[in-house]
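Note sheet for the following structure.
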Amino acid sequence: MHSLKPVTALGGIEPRTDVFHHLSIIENDGLALASFAARRGFELECQTVLKGLLGVVPSVGKAIFNDPISGFWLGPDQWMLTAPRDSHELLADIVKNECGAAASMSEQTGAWVCFDVIGDALLAFCERICSAPIRQMQGGDTRRTSIHHLNCILIKQSAGDQIRIFGPRASADSLHHALFTTATALA
Amino acid sequence: MNQVNRLKGGQIDRSVTHRFKFDGKTFEGHQGDTLASALLANGVRLMGRSFKYHRPRGVLTAGSEEPNALVELRNGARQEPNSRATTIELFDGLLAKSQNRLGPLKYDLLAINDRFSNFLTAGFYYKTFMWPAAFWEKVYEPIIRRAAGLGSLSQLDDPDVYDKGFLYCDLLVIGAGPAGLAAALTAGRSGAEVILADEDFRMGGRLNCESLTLDDQSAPAWADDVVAELKSLPNVRVMHRTTIIGAFDHGIYGAVERISDHLIVPDLGKPRQILWRIYTKRTILATGAIERPIAFENNDRPGIMLASAIRTYANRFAVAANKKIVIFTNNDDGHRTAKDLHAMGVEVCGVIDVRADAPRSLDYEVLHGQVVDTKGRLGLKQVKIRLENGNIRSLDCGALGVSGGWNPNVHLTCHQRGRPTWRDDIAAFVPGVDLPLGMSVAGAASGIMSTTGALQSGTDAACAALSVIGIKSRAITIPQTEDAPVSIQPFWYVRGCRRAWIDLQNDVTVKDIQLSHQEGFRAVEHLKRYTTLGMATDQGKTSNMGGLAIMAELAGTSIPKAGTTIFRPPYTPTAIGVFAGRHRGQDFHPKRLTPSHKWAKEQGAAFVEVGNWMRAQWFPLAGETKWRESVDREVLAVRTSVGVCDVTTLGKIDVQGAEAAEFLNKIYCNGFAKLAVGKCRYGLMLREDGIAKDDGTAARLADDHFVVTTTTANALPVYRHMEFVRQCLFPDMDVQLISTTESWAQYAVAGPNSRALLQKIIDPFTDLSNDAFPFMSCANVTVCGGLRARLFRISFSGELAYELAVPTAYGDALIRKIIAVGAEFNVTPYGTEALGVLRIEKGHAAGNELNGTTTAQNLGMGKLVSKTKDSIGSILSERAALTAPGTLCQVGIKPLNPADPVIAGAHLMNEKGPIDAAHDQGYVTSACFSPNLGHAIAIGFLKDGDLRLGEKMRLVSPLTGIETKIEIVSAHFIDPQGERLRA
Amino acid sequence: MRYSGFRVIKEALMGHSGWKPIWRTPDPQGHYDYIIIGGGGHGLATAYYLAKEFKQKRIAVLEKGWIGGGNVGRNTTIIRSNYLLDGNEPFYEFSLKLWEGLEQDFNYNAMVSQRGILNLIHTDAQRDAFIRRGNAMILNGSDAEMLTTAQIKKRYPFLNTNDARFPIKGGLAQRRGGTVRHDAVAWGYARGADSRGVDIIQNCEVTGFRIESGKCLGVETSLGFIGATKVGCAVAGSSGRLMSKANMRLPIESHVLQAFVSEGLKPIMPGVVTFGAGHFYCSQSDKGGLVFGGDIDGYNSYAQRGNLPVVEDVCEGGMAIFPALGRARILRMWGGIMDMSMDGSPIIDKTHIDGLYFNGGWCYGGFKATPASGFCFAHLLTNDAPHPKAAAYRFNRFEKGLMIDEKGMGNQPNLH
Amino acid sequence: MIINHPLLGPRDSAEFIYLGDAKLIDRPNWQAPTAAKDFYEYAYLRDNPAGWHDELWFHEAGDRSWLVVTRNTLTHEISNVALARDVARLRGRSK
């Protein structure tokens, strides 16, 4: 076991949580991410691999919540896979072993910061941060869009009062600041 | 005097009294008042001064179309110039000042302009102030500028915050008057997603201003009930204090919701206003109509108002504009005002109607005639009337209500350049056929002037709009109410008048329009631009029609033939702050922080903005006072021992797939097909026009896997470009891309001791010896006992150097580890300044050289461009002028006298001869002090530079007063053979 | 009719009865020596200089709407000659010199106001580039100076030096830069041209060119055919539309640029300030309106209107650098059609068709060029050879590789 | 503006980056004898129509697809949107 201690995207040892009486913003540091892109001519093989991992292949704009590996659609023939970091830190390698040359895998764990936002002010909150039609979105709908000039991915969890936001890790502070001030304005 | 003009009734809450100050004097008003209604209630008629002649002015309207009663609201950093007293919601502690005056409002010294009105006609400026030429800036203009302008902007930062938001709906209803309420109710009951927006703080529009009943309810009570029902529906969003400012493409509307403007200061953390972007499927415009004035001599005195405004102040705000009121009208609506006033016990001294068939009244005198002049400098005292029989009659009064008819409020129908069309029966423009996508118009805004008609058209419009998007709905039952036809005789101005105001705010009079016509400015747009008609803060809501009508008459044509004016967003003037939202100050752009940021901060590093990145610029040690001391030390440390620098900001793109190598062959001008696994290669990327776009290295980690680096600034554009090549040019190539810039924390470890240092980090089974891992090698390795990492032996500094990457979360730990284990080599962190010096010493091109105009040849890399393959930009890079003799070539520059400065941006001139553009030989792109050489060095571009090594030249920067004798040398100042980096 | 102080006083006392229309409204003749298509600033200036400087006769200006209705009437009124490249700086300096004598030359007060222009610097790389540019300006006989942040703060105390995301590190200033009352430029040139016999024909739309065996014989218009020995096109944003009638494809795209004006305010902004790093620039008109703008919307458009994202982008830049702006209000926003060229620089050249000449590709910088553009185009029309100051503005520069790319953005017009 | 993404449905055009005329897909053959002229015209000359225009937009804040949008430059009306990759194949850019 190596000797280097990781820090969270916000730079802490422990992930940060901000609780407002109607809303909570929770830094989620527990996820490993890997991108999965089908190679030309191997689209079907990749579908099979994904089915095996997720049960269902996430269709356009959808996320599949599964245990231990979840996934969501990223672009044509491209998905993002997520799993608990403790058990799957090497997610990219694990999947690569299954799909071999059929897919291009790329470790993405370090590229993203993840916030889970929960609470009954969620819809009003979303209306103030981005142009996702949050009231129309169903559980499992994902939307890549920009939040305060940051290129983010929004996933509406199956529970209507919860969303997951992935944002660029280097801008974790700026994204958190934007979410925090919006929550304050709604408080 | 305390609310001397307050009447009974109205929709104000007398249980809440607000104290406020206007021009330093304290007054009282009630909850539900506007500043204007409260001032009128207190008998204040004089509220401002006009733009050009500084004429005393009072309030003209009761709405957002107000041209006259503009004040500076609040003070200090929150001061808002040009705020319309008619829309300012009264709150306790409100402060307001009149504006555009020199001295007290009553004795404005600039009123002198009025005396010279004969000179200050339209277009006056264009004909004079030309002699002598130099006097414009020095004498004339400063005077003109000081006299012009209205309110003043504090120079202090706006202390409030603004938010932005995004809303979706099936139907947006703009305006909550009878038509809007009927439309919203119809749609709301059908279950459609509805947004109802109104600029007012009280919904109901004209219903609040009339003495009508709907069935057995008063108009305001009916409106209250409807609004209550709408608020109870989960699918309806009722937005008070929300102005739809613009109709943009594809059903997108801009809306500004005023959250805190009715408070003395916003609550902590709360925005002052919110800019909403509303995505609509359908929209119903129900913005009503705006009454228009009639022009007559001295028609601008305080106390002269629109008749409907006087009615509004009486019915809604329970305020009599004055004790004695006269009405001047060309249509039945003026009489409605007289009736309501009389019913409330206000003395109506007479109604002057230009029509022979004017309705009679037992309650007050109705005169057939015209108002030909008025008296009362600071407030109306008397009106002079010419009766039909030619007799002149005067009436004493303190207020005159003028009604010239109603203009449908078509503003938003014009935002996509749609033009309104003329209707004779109501003598007004109505919305044209080319409306913004998905918009329909209801009620008075569409020329349907009766209350019944408005309600009916509102509910009908809603049903029609919803059916288009497949939502079933039922028309609501229309209550019994007023259904009078429009009876009007078009009448724009009283013949023979000269100083009769058309545009009150900009002081455009009838005679200005006549002069405009006389001088050939007859097209509507010429008229507007020449006279400034309609260019004021009300965008001519009350003035354009009058001006247009007079121009039509002068041109001997009809109003529609004379042309139409077109309205532009925003509907009403909108605070610039709200368009910016939170994006100001430090939040203007998001920040990108490197994995070592926290650690660098602990070291007291100086940071610099590089795009959105914050990078360590240098790391001062105790005792170092000048940045140069730190930078020189960092540079020497790299050259003599070892330094470490966070290079995470360089773009990284994962290129995978069976044809990854073929793909790189397309995007780089040099070849990659034969690059062996485990090797890196420098790549130069051209734009299709043959100019250098970016450069970096590509490392082949596997047969089908490369990691490509880009410059920090170009990471995004290069990725976009690569996707373009992949998707649009070679759609069937087997290659997949994804950015990994932030996935990996990457450090450059550079200097003679870098290998020794890394041997303490990288796990032993990786052999770092020069034979096993030579220059330009790359490999997946593990560090610190098993953490996955990537190692590249590449060098930007020209020293033995490596770049080591670990997953971002471990970047903080790794830099601390490197510093710890590197202590024995006195490992030195270095920042972007040292990085710059090191690369200039090696003559490596960077952003300043890849400036978007330089070719591979300019950069001395002409040979790199492969002629044996198809790559982006290779063909156009061969254009004649790009390869002709005399093209710029990158060279090194050193001062003949080591003490002399060399600066970037200086130009190169021959040793002898004139110094001017015609003799320009080139320019310096990057310069620095080289602590290794002990003097300044630079690289730059010189005509035929490669042939001129050793030449003595002059380096000139007249801008900064520098002229230095320099020598052209090789750009490789240090280790030209490159032995160190291969060591 | 000549304007003079005496005349103005006389008319004021006589009730202004003596003023005459400042241009005639003639019917088109059958044939002209010169037809200028486009009654905007450049077209009217071309006609004016053709008649006045080059002593040419039988000149007509054809305008499809009302003169001055295009970009000359909807720009942000800035004049400057702070260019970097050899092809540009001498031309724009020539233009600035013409501005300096313009009002006396055409006896009309266009309110040329040399209140100075300031380009803010936010990074070291920007400073290097601006030093190079400032030197190029001086070496071309123009004026430029480097200002420190303190000097800037003194003149513009409200600029953000407290919490700026991109701190101000200095600025490049040109004192001779400034603003001009844009409409008056069109009117002044029209009046000057008209008084020298130029026929200004409004509401006359060119519907086609009559071209026989490679020679242009005149234009088909909404008022019928009008013959001409030489036809010059100066229609800015409509260049693509017009030249396609001669089957020409141009190195130009038409884009929309939005501009904004605030409500009238007492003087606060002494000169012109540009905040390149934030896509924002601003000046204040003599009427008191803050006139400002930023980037083009970025997509091809002939619609003369833009959309919200760029409005917000411009205002974000404004608030970032000028935080007091928050409480000023936007009065009006509008759009103009920009003839964005492939290198950001214009074209003044003959076409491959005899007797057909082209002036365009001004991007969003055409206003400041108006006098020199008219002068050089008139020179080209008269002598069939480019004016020395405009010698670089040729069609063939792209094929040869002689781009004049100030921003280094390459062949993508919406980036210039 | 709203761009109706063929996969994702209506999206605000603010999520996209504009490139220009979709003819940029038709990159000339580098080995043609007329290559120099072909590439000059490809890179520099535009139809720039006042009316319908096929143009390239990149879904930067989205799925990273290049789209071909058919849009009217006079009214901004959009009549069709397709994946640029499909268009490229239709125009014979498959190997």
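- Here B/Pro570 is the residue among B/Ser83, B/Pro570, B/Gly246, B/Gly690 with the most heavy-atom pairs under 4.5 Å with chain C.
- C/Asn162 touches chain B through its side chain: at least one heavy atom from C-beta onward sits under 4.5 Å away, while N, CA, C and O do not.
- In this structure, the ring of B/Phe124 has its center less than 6.0 angstrom from the ring center of B/Phe129.
- Among B/Thr960, B/Thr537, B/Leu882, B/Thr853, the residue with the largest count of heavy-atom pairs under 4.5 Å with chain C is B/Thr537.
- In this structure, chain B has heavy atoms under 4.5 Å from both the backbone and the side chain of C/Met333.
- Of the atoms belonging to B/Lys591, heavy atoms from both backbone and side chain fall under 4.5 Å from chain C.
- Taking all atoms of both residues into account, the shortest heavy-atom contact from C/Met342 to C/His416 is O-NE2, 3.1 Å.
- A cation-pi arrangement is present between C/Arg132 and B/Tyr923 under the rule of less than 6.0 angstrom and at most 45 degrees off the ring axis.
- Both the backbone and the side chain of B/Asn100 come within less than 4.5 Å of a heavy atom of chain C.
- The shortest non-hydrogen separation linking B/Asp916 to B/Met909 is O-CE, 3.5 Å.
- Proximity to chain B involves both the backbone and the side chain of C/Gln114, based on heavy atoms less than 4.5 angstrom apart.
- The cationic group of C/Arg332 does not satisfy the cation-pi geometry with B/Phe567, failing either the under 6.0 Å distance to the six-membered ring centre or the 45° limit from the ring axis.
- The cationic group of C/Lys287 lies under 6.0 Å from the six-membered ring centre of B/Phe51 and within 45° of the ring axis, placing it in a cation-pi geometry.
- Only the side chain of C/Arg181 comes within less than 4.5 Å of a heavy atom in chain B; its backbone stays farther off.
- With respect to chain B, the highest number of heavy-atom pairs below 4.5 Å among C/Asn140, C/Asp86, C/Asp183 belongs to C/Asp183.
- Interface remark: of the candidates C/Leu402, C/Asn411, C/Val112, C/Asn307, C/Asn307 forms the most heavy-atom pairs closer than 4.5 Å to chain B.
- If you measure heavy-atom distances from C/Thr25 to chain B, you find no contacts under 4.5 Å at all.
- Judged by the 6.0 Å distance and 45° axis criteria, B/Arg529 is not positioned over the aromatic ring of C/Trp66.
- Of the two parts of B/Arg145, the backbone and the side chain both hold a non-hydrogen atom closer than 4.5 Å to a non-hydrogen atom of chain C.
- Within the 4.5 angstrom heavy-atom criterion, no atom of C/Phe280 approaches chain B.
- Proximity to chain C is limited to the side chain of B/Gln617, based on heavy atoms less than 4.5 angstrom apart.
- Looking at C/Met137, neither its backbone nor its side chain comes within 4.5 Å of chain B, counting heavy atoms on both sides.
- Interface residue B/Glu137: only side-chain heavy atoms are found under 4.5 Å from chain C.
- With a 4.5 Å cut-off on non-hydrogen atoms, C/Gln284 touches chain B through its backbone and its side chain both.
- Looking at C/Gln202, only its side chain comes within 4.5 Å of chain B, counting heavy atoms on both sides.
- Here C/Arg175 pairs with C/Glu145 in a salt bridge; the nearest charged N to carboxylate O distance falls below 4.0 Å.
- Residues C/Trp19 and B/His517 place their aromatic rings such that the two centres sit no closer than 6.0 Å.
- The contact between C/Ala125 and chain B is made by backbone and side chain atoms together, counting heavy-atom distances below 4.5 Å.
- Heavy-atom distances place both the backbone and the side chain of B/Asn82 under 4.5 Å from chain C.
- Only the side chain of C/Leu172 comes within less than 4.5 Å of a heavy atom of chain B; its backbone N, CA, C and O stay farther away.
- Between C/Tyr156 and C/Phe158, the two ring planes are perpendicular [angle over 60°; tilted spans 30° to 60°].
- Heavy-atom distances place both the backbone and the side chain of B/Met535 under 4.5 Å from chain C.
- Interface residue C/Lys20: only backbone heavy atoms are found under 4.5 Å from chain B.
- Taking the six-membered ring for Trp and the full ring otherwise, the centers of C/Trp187 and B/Phe521 sit less than 6.0 Å from each other.
- If you measure heavy-atom distances from C/Ile138 to chain B, the contacts under 4.5 Å come from the side chain alone.
- Contact count against chain B (heavy-atom pairs under 4.5 Å) is highest for C/Asn107 among C/Thr123, C/Val314, C/Asn107, C/Asn160.
- Neither the backbone nor the side chain of C/Met14 comes within less than 4.5 Å of any heavy atom of chain B.
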